[in-house]
Visitor: 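One structure, pasted below without further comment.
Counting begins at 1 with the first residue of the sequence.
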Amino acid sequence: MAWTAFRLFAMSVAVLLLLGLGLLVAEGRREDRCFFNRTQEYCVCYNLSEETISSIIQCLSATVVEFQGGDLEKYIAFPIRNLDASATETLGSLVIQKVIIGNVLVPEILLARVLRFFSYTHVQELAFESCIFQGTGDWRDMDGQDLPILSLSFHNVTSSPLTGREPAFSSLSRWLGTLQELAVTGSRVTSLPCAIGKVFRALRSLGLAENSLGDGSLAPAFCQGAFPQLQELSLHHNNLSSYHSVCEGVELLLELRHLDLSHNRLMAGTSSSCQWPAALRHFNLSNAGLDEVPTPLPPNLEVLDVSHNHLRAVDISLSSLKKLFLNRNLLQAVPSIRNYPKLDTLHLDNNSISELPRDELNLLGRLQDVAVADNPFRCSCPGAGGLQALAATGHLGQGWPGDYRCQSPAQYQGWPVARVPVSVLRCHLAAVVAPLCVALALLGVAGAVCLLRTGSCSRA
């Protein structure tokens, strides 16, 4: 009975959804075989068929199984029947946690018949990579069906548009209503129907990166009632251009805490009345083509990344901000950190900053992580001395001392800032000479007084 259960599971899931990563072994690449990694936890299979079922069986002791390649169309008529109690118990003893399926053409009718077999396992993650989904499936067998899968991802996949697929999502709603992570990346997605978002009632993380989403596609996707528990949203590498349209598109995601808009070409435009979700804490606007920090910003931000932009100045005030990333911009001065009373991390690498302001040094020294590497430092006494003093606090971040070099004055050009002499005698000569002059003057006065007193005594 155990062999029957293994064989049915292997053929209805493994062969039908063909696993794969593509390993190289000592003799070279072997086709139609499965291989374990050194820890025996990850099993990889190529282009398997019913004839190589024994090779599939060995993967059933792994925690991660990956299938790659193969022709699934010829298995459309493969008989799939319900399992008896002994078979389901055997499948329930498997330790497989994640299944990856790559580089195959997947007939949806076959996928619809096979997916329910995951309900007998403990698989929590299912990923499709570089797959083509063909046709439509009859998902009625999934009505009211629970699945243990909590994370579902699609990368570089092709399928028919999501619009009009509401009946399929309705049949899958019991499972999708418990899904926690969903990623559809690099798959040319242009829109997401409102009704689909309402199915994902428990989703915490949604990745839609590297697609073709535009400004007008966000509001319909994140309509009232869609993704009510969403906390993380990744929209990097899309076709977004209007900062305020994005704000209006996500303002109904009341639980949103992390938002990634990096690698879009955003324009701030005129100010609007849009309010970002109050729960938003992490905001990534890096590589967004920004000439200025857009407003309004989410009011309760703790982490703001505006690195790799064209910012020349930063004049914002966020009382809750803890981490600010401004590296690779055009800043010529350090922004006043008095505007960020809770700040513990400030990155200013690769800007045009020549000197740290003396009145900010004490404040910078209180931060846990300060990075100012690869700036054109002016190594005058205040410039070099300020950096050396900051490094002495132990909070100057990665890059010290090798990536901190002088651009001026000429005698120190190219020098590591750490080697520039900043002795008291050299840099603060006036501070040394003035007390010395005062001391000499006092000695002179004392001598004169003594001479006067000596003369008086002699006449007496």
Visitor: With no hydrogens and no angle check, is any side-chain donor or acceptor of R174 less than 3.5 Å from a backbone partner on L172?
Guide: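 Side chain of R174 to backbone of L172: no pair is present.
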Visitor: With the side chain counted from C-beta on, respond yes when Y42 and E66 share a heavy-atom pair under 4.5 Å apart, and no when they do not.
Guide: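 Yes, close enough: below the 4.5 Å cut-off.
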Visitor: Who pairs with V184 by side chain to side chain contact (heavy atoms under 4.5 Å, CB included), at least two apart in sequence or on another chain?
Guide: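 Expected list: F154, L182, S187, V189, L208.
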Visitor: May I ask you to check whether N300 and S320 show a side-chain donor-acceptor distance below 3.5 Å?
Guide: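 Per modelled atom types, N300 and S320 side chains form no pair under 3.5 Å.
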Visitor: Would you tell me whether S241 and D215 have side-chain atoms, one donor and one acceptor, within less than 3.5 Å of each other?
Guide: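 There is such a pair between these side chains.
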Visitor: With respect to the side-chain SG atoms, do C34 and C59 come within less than 2.5 Å?
Guide: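 No.
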Visitor: Atom CD of E302 and atom CG of L318: how far apart are they, to the nearest 0.5 Å?
Guide: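 Spacing of CD (E302) from CG (L318) equals 11.0 Å.
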Visitor: If only atom types and distance count, is the side chain of D146 paired as donor or acceptor with the main-chain N or O of T178 below 3.5 Å?
Guide: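 Flag not set: sc D146 to bb T178 has no pair under 3.5 Å.
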Visitor: Checking the side chain of H395 only, and the main-chain atoms of G365 only, is there a donor and an acceptor separated by less than 3.5 Å?
Guide: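 Between the backbone of G365 and the side chain of H395 there is a qualifying donor-acceptor contact (under 3.5 Å).
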Visitor: I'd like to know if the side chain of R328 reaches the main chain of H308, judged simply by a donor and an acceptor atom lying under 3.5 Å from each other, with no hydrogens or angles considered.
Guide: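 No; zero donor-acceptor contacts below 3.5 Å.
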Visitor: Do S205 and E181 have side chains that approach each other closer than 4.5 Å (heavy atoms only, starting at C-beta)?
Guide: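 The answer is yes, as the side chains (C-beta and beyond) meet within the 4.5 Å cut-off.
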Visitor: Verify, without hydrogens or angle tests, whether N350 (side chain) and N327 (backbone) share a donor-acceptor contact under 3.5 angstrom.
Guide: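 Looks like no, no N/O pair under 3.5 Å.
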Visitor: Tell me if the CD atom of Q224 is crowded by more than 12 foreign heavy atoms within 6.0 Å.
Guide: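 No, not enclosed.
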Visitor: So, for L364 and L356, which heavy atoms are closest and what is the spacing to 0.1 Å?
Guide: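 The answer is CD1-CD1, 4.3 Å.
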Visitor: For the residue pair F133 and F128, does the interplanar ring angle fall in the parallel (under 30°), tilted (30 to 60°) or perpendicular (over 60°) class?
Guide: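 Correct class here is perpendicular.
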Visitor: List the residues meeting salt bridge (Lys or Arg N to Asp or Glu O under 4.0 Å) with E210, not counting sequence neighbours, and say none if there are none.
Guide: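 Once residues adjacent in sequence are excluded, E210 has no partner under the salt bridge (Lys or Arg N to Asp or Glu O under 4.0 Å) criterion.
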Visitor: Would you call the rings of H237 and H263 parallel, tilted or perpendicular, taking 30° and 60° as the class edges?
Guide: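 Ring orientation of H237 relative to H263: parallel.
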Visitor: Measuring from atom CD1 of I132 to atom CG of N156, what distance do you get when rounded to the nearest 0.5 angstrom?
Guide: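 It comes to 9.0 Å.
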Visitor: Ignoring hydrogens and geometry, is there a side-chain-to-backbone donor-acceptor pair from D260 to S262 under 3.5 Å?
Guide: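 Yes; at least one donor-acceptor contact below 3.5 Å.
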Visitor: Using every non-hydrogen atom in the two residues, find where T136 and E108 come nearest and quote the distance to one decimal.
Guide: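 In this case the closest contact between T136 and E108 is C-CB, 3.8 Å.
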Visitor: Nearest 0.5 Å, what's the CG-CG distance between L330 and L311?
Guide: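 Between L330 CG and L311 CG, I get 7.5 Å after rounding to 0.5 Å.
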Visitor: Kindly compute the distance separating CZ (R204) from CD (E232), expressed to the nearest 0.5 Å.
Guide: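 Nearest 0.5 Å value for the CZ-CD distance: 11.0 Å.
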Visitor: Does the pair L256 and F227 meet the rule for a side chain to side chain contact (heavy atoms under 4.5 Å, CB included), with working shown?
Guide: CA-CA 10 Å; L256 191 64; F227 306 104; over 6 Å; no
Visitor: Using 0.5 Å steps for rounding, measure from the CG atom of L147 to the CG atom of L126.
Guide: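 Nearest 0.5 Å value for the CG-CG distance: 9.5 Å.
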Visitor: Where do V372 and Y404 land on the side chain to side chain contact (heavy atoms under 4.5 Å, CB included) test, with the steps shown first?
Guide: CA-CA 8 Å; V372 206; Y404 288 74; 3.9 Å; yes
Visitor: Do you know the tightest heavy-atom contact between R201 and Q229?
Guide: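 Looking at all heavy atoms of both residues, the shortest contact is O-CG, 3.2 Å.
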Visitor: Any idea which heavy atoms bring A373 and Q398 closest together, and the distance?
Guide: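 Closest approach of A373 to Q398, heavy atoms only: CB-O, 4.4 Å.
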Visitor: Of all the heavy-atom pairs spanning C274 and P296, show the shortest one and how long it is.
Guide: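 Reported closest heavy-atom pair: O-CG, 3.6 Å.
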Visitor: Within the distance-only criterion (no hydrogens, no angle test), does the side chain of H244 pair as donor or acceptor with the backbone N or O of A268 below 3.5 angstrom?
Guide: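 Yes; judged by distance alone, with no hydrogens or angles, the pair exists.
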Visitor: For the backbone of V306 and the side chain of N329, can you confirm whether one donor and one acceptor N or O come within less than 3.5 Å of each other?
Guide: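 It does hold such a pair.
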Visitor: About how many Å separate CD1 of I96 and CD of E125, when rounded to the nearest 0.5 Å?
Guide: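 Answer rounded to 0.5 Å: 13.0 Å.
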Visitor: Using atom types as modelled and distance alone, determine if a side-chain donor or acceptor of N375 lies under 3.5 Å from a backbone N or O of S352.
Guide: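 The answer is yes, because a donor-acceptor pair under 3.5 Å joins these two groups.
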Visitor: Keeping the roles fixed (side chain from N211, backbone from A209), state whether a donor-acceptor pair exists under 3.5 Å.
Guide: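 Yes; at least one donor-acceptor contact below 3.5 Å.
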Visitor: Output, in order, the C-alpha distance, side-chain angles, deciding distance and verdict of side chain to side chain contact (heavy atoms under 4.5 Å, CB included) for L218 and L235.
Guide: CA-CA 10 Å; L218 298 187; L235 294 169; 4.3 Å; yes
Visitor: Side chains of Y340 and L346: closer than 4.5 Å at any heavy-atom pair?
Guide: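 Y340 does not reach L346 side chain to side chain.
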Visitor: Side chains of V417 and C406: does their closest heavy-atom pair fall under 4.5 Å?
Guide: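 A side-chain contact under 4.5 Å exists here.
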Visitor: Between L252 and C223, what is the shortest heavy-atom contact and its length?
Guide: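 Answer, listing the atom of L252 first, then C223: CD1-C, 3.8 Å.
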Visitor: Heavy-atom distance under 4.5 Å between the side chains of L348 and P335, does that happen here?
Guide: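 A side-chain contact exists here, since the closest heavy-atom pair is under 4.5 Å.
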Visitor: Should Y120 and L94 count as side-chain neighbours, where that means a heavy-atom distance under 4.5 Å?
Guide: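 No. Closest side-chain heavy atoms not under 4.5 Å.
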Visitor: Any heavy-atom pair between the side chains of P294 and L285 that's under 4.5 Å?
Guide: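 Side-chain contact under 4.5 Å: yes.
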Visitor: Hey, are H347 and D369 close enough side-chain-wise for a donor-acceptor pair under 3.5 Å?
Guide: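 Note: D369 and H347 side chains meet the donor-acceptor criterion.
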Visitor: Determine whether V303 and D305 make a side-chain contact, defined as any pair of heavy atoms from C-beta on separated by less than 4.5 Å.
Guide: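 The answer is no, as the side chains (C-beta and beyond) never meet within the 4.5 Å cut-off.
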Visitor: Would you indicate whether R338, at its atom CZ, is surrounded by more than 12 heavy atoms from other residues, nucleotides or ligands within a distance under 6.0 Å?
Guide: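 Correct, the count exceeds 12.
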Visitor: Side chain to side chain contact (heavy atoms under 4.5 Å, CB included) for L390 and W400? Distances and angles first, verdict last.
Guide: CA-CA 11 Å; L390 190 59; W400 177 266; over 6 Å; no
Visitor: Test side chain to side chain donor-acceptor pair (under 3.5 Å) on T158 and R188; report intermediate values, then the result.
Guide: CA-CA 8 Å; T158 302; R188 298 170 290 282; 2.9 Å; yes
